[in-house]
Every structure is written in structure tokens, then in C-alpha cells.
Amino acid sequence: MGKTRVKKLTIVKPERQLPPSIYIHFLSWGVLLLLVLIANTVVGYWEFRVVRFQKSRLEGLIQQVGQCDQLLTTYARSGVTFGDARSEGNYLETTRQREGVMTQLKEIAPAAFMTSEASAMDAGKAEITDLENQAFDYIREGKLNLADPLVFGAAYEDKEAAYKQDLEKFTAEVRKESAFSYAARGRKVFTAAVAGAASLPLLALWHLFLINK
């Protein structure tokens, strides 16, 4: 008997098919989600740094408000004492500086300017300013005897004492809002970082699943 020849069959392995379009679609969304998480963490961290910088700048601005108030009183009393109307120029310049400082404070803690403490502070400062402006009017007219009691009298001292108390209450509100904002931004950054870290392995497994599908 002759030998039976066995014909060898060559098995051609089918080429691996590309993932269907639906898988590619999901894969793209996974990459996009990862980028969004990274961007959210970066933006949150930057905001946190900005708030931290504002917190350190806050005390300096509060101190500047007090310094401006002292200078305003000094210029008003100096004008009366020496009968020098030129002190009014320094007074007006200091007033502008104080307004600029208050504007910066409002940028850091806008909600604090909507409180009753802010209203009381503004009202008290307006009463003091009226007395000081009236004193400068008398100085220009040469009526120092009328200007003197306006800035050296007991009424002026009482208004200044009340204003300082209102200013302290207002600055406490500013500090409170700043601290709240700092803590809120900190929580936001932490949450974003945790979400990003937790999503990374899940996204990696999802990508491997889609690629090998």
C-alpha cells in the first residue's frame, strides 16, 4: 500500500479588525473627560493660590484704611491749628487713596460691603468728613475760631470713637468672608484632585477594554 499523503492546510489568521466606530467614540470621550479633569484641577489650584495671595494682602489693606483715617484727621487739625488751607490738598489726596484701598477691599470681599456693618461705617465716616470739610471752609474764610471746635470738639471725638468701632466690625466681616472664600476654594481644589486621581485608573481600564475589543 502506498503512503497516504496528508495535505497540510495553511490557516490564515484573520486580520484584527479595527474597533467599531462606537468604541472609538467612547474612547474619544474618555480622553476628553480626562483632559477636563486635569484642566479643572489646574484652574482650581490657580484660584486657590489667588485667594491665598488675597488673604495675605488683606491685612495690609485694612492697615492702610486706618492709616488714611489718621492722616485725614491730622490734616484737618493741622489746617485749623496753623490756619493753612494748603493742608486741604493733602487731605483730598489722602481721601482718594483711601477710596482706592476700599475698592481693593471690595474686590476681595464684595459681600462684606453689603452688610449693616458696612452701612454703619460709611455713615459714621460721612459725618466725620462733613465736619472736616466744614472746617476747611472756615479756614479758607479765615474763621479759625469756628473751625476749631469742629475737629477738636467733643462731638468730633465721639463720632471718631463710634466710627472706629464700626470700622472694626466691618473689617471683621471682611476677614470672615475672606476666610470663607479661602476654605471654599481649598475644598474645591481638593475635591477636583481626588476626583481626578480616582478617575485615572477607571479611565485606564476603560481604554484598555475598548482597545482590546
Side-chain angles (χ1 to χ4, degrees), residues 47-186:
E47 291 179 351
F48 180 73
R49 289 192 61 184
V50 171
V51 173
R52 185 176 182 181
F53 170 74
Q54 290 178 343
K55 184 179 179 181
S56 63
R57 187 165 64 101
L58 178 65
E59 293 302 323
L61 293 174
I62 291 175
Q63 185 177 4
Q64 288 181 43
V65 172
Q67 292 173 348
C68 287
D69 288 335
Q70 291 178 359
L71 284 174
L72 291 173
T73 299
T74 299
Y75 288 134
R77 288 178 168 176
S78 176
V80 172
T81 301
F82 300 102
D84 186 4
R86 290 176 298 179
S87 297
E88 188 175 7
N90 295 327
Y91 178 90
L92 294 175
E93 177 61 27
T94 304
T95 299
R96 287 190 289 269
Q97 292 177 1
R98 184 183 183 280
E99 291 174 352
V101 175
M102 296 300 287
T103 299
Q104 295 181 62
L105 279 176
K106 191 171 184 178
E107 293 175 354
I108 296 177
F113 282 77
M114 302 174 65
T115 61
S116 58
E117 288 79 7
S119 299
M121 178 199 66
D122 289 337
K125 187 60 180 176
E127 291 179 352
I128 294 174
T129 301
D130 288 342
L131 291 175
E132 292 167 345
N133 287 332
Q134 189 175 355
F136 279 116
D137 290 340
Y138 284 138
I139 292 172
R140 287 192 298 271
E141 296 172 3
K143 301 177 180 178
L144 299 182
N145 59 321
L146 298 178
D148 186 278
L150 292 178
V151 294
F152 286 103
Y156 184 86
E157 295 288 348
D158 292 340
K159 291 182 183 298
E160 270 213 323
Y163 164 74
K164 289 180 180 179
Q165 292 180 356
D166 293 332
L167 179 61
E168 290 179 359
K169 295 177 182 178
F170 167 72
T171 53
E173 290 296 319
V174 172
R175 291 187 179 99
K176 185 188 300 183
E177 183 185 348
S178 177
F180 177 79
S181 177
Y182 182 78
R185 295 291 178 85

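To the nearest 0.5 Å, atoms CD (E168) and OH (Y163) are separated by 10.5 Å. Summarising the geometry, atom CD belonging to Q97 is positioned 9.0 Å from atom CG belonging to L72; distances are rounded to the nearest 0.5 Å. In this structure, CD1 on I139 lies 11.5 Å from CD on Q134, to the nearest 0.5 angstrom. To the nearest 0.5 Å, the span separating OG1 on T171 from NZ on K176 amounts to 11.5 Å. Interatomic distance, E93 CD to C68 SG, rounded to the nearest 0.5 Å: 10.0 Å. The CD atom of Q70 lies 9.0 Å from the CD atom of E160; values are rounded to the nearest 0.5 Å.
Panel note: side chain R98, backbone D69; no donor-acceptor pair is recorded below 3.5 Å. A donor-acceptor distance shorter than 3.5 angstrom exists from the side chain of E177 to the backbone of A112, with no hydrogens or angles considered.
Closest approach of F113 and M102 over heavy atoms only: CZ-O, 3.4 Å. Here the closest heavy-atom approach between residue D166 and residue A120 is recorded as OD2-O, 3.6 Å. Annotation for S78 and S87: closest pair OG-OG, 3.9 Å, computed over non-hydrogen atoms. Closest approach of L105 to I62, counting heavy atoms only: CD2-CG1, 4.3 Å. Shown here for Y156 and E132, the closest heavy-atom pair between the two residues is OH-OE2, 2.6 Å. The minimum heavy-atom distance linking A135 with L150 is given by the pair N-CD1, 3.7 Å.
Between T81 and F152, some side-chain heavy-atom pair lies under the 4.5 Å cut-off. Taking 4.5 Å as the limit, some side-chain heavy atom of Y91 sits within range of a side-chain heavy atom of T129. E117 has its side chain out of reach of M121: every pair of non-hydrogen atoms, C-beta onward, lies at least 4.5 Å apart. Using a 4.5 Å heavy-atom threshold, the side chains of V174 and I108 count as separate.
The number of heavy-atom neighbours closer than 6.0 Å to CZ of R140, taken from other residues, nucleotides and ligands shown, is above 12.
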Start with the C-alpha gap between K159 and L131, add the side-chain angles, then the distance that decides, and say whether side-chain contact (heavy atoms from CB on, under 4.5 Å) holds.
CA-CA 10 Å; K159 291 182 183 298; L131 291 175; 3.7 Å; yes
For side-chain contact (heavy atoms from CB on, under 4.5 Å), just list the numbers for V151 and T73, CA-CA rounded to whole Å, side-chain angles, deciding distance to a tenth of an Å, and then say yes or no.
CA-CA 8 Å; V151 294; T73 299; over 6 Å; no
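Classification of E99 and K125 as a salt-bridged pair fails, no side-chain N sitting under 4.0 Å from a carboxylate O.
Annotation: cation-pi pair K143/Y138 absent, no NZ/CZ under 6.0 Å from the ring centroid and within 45° of its normal.
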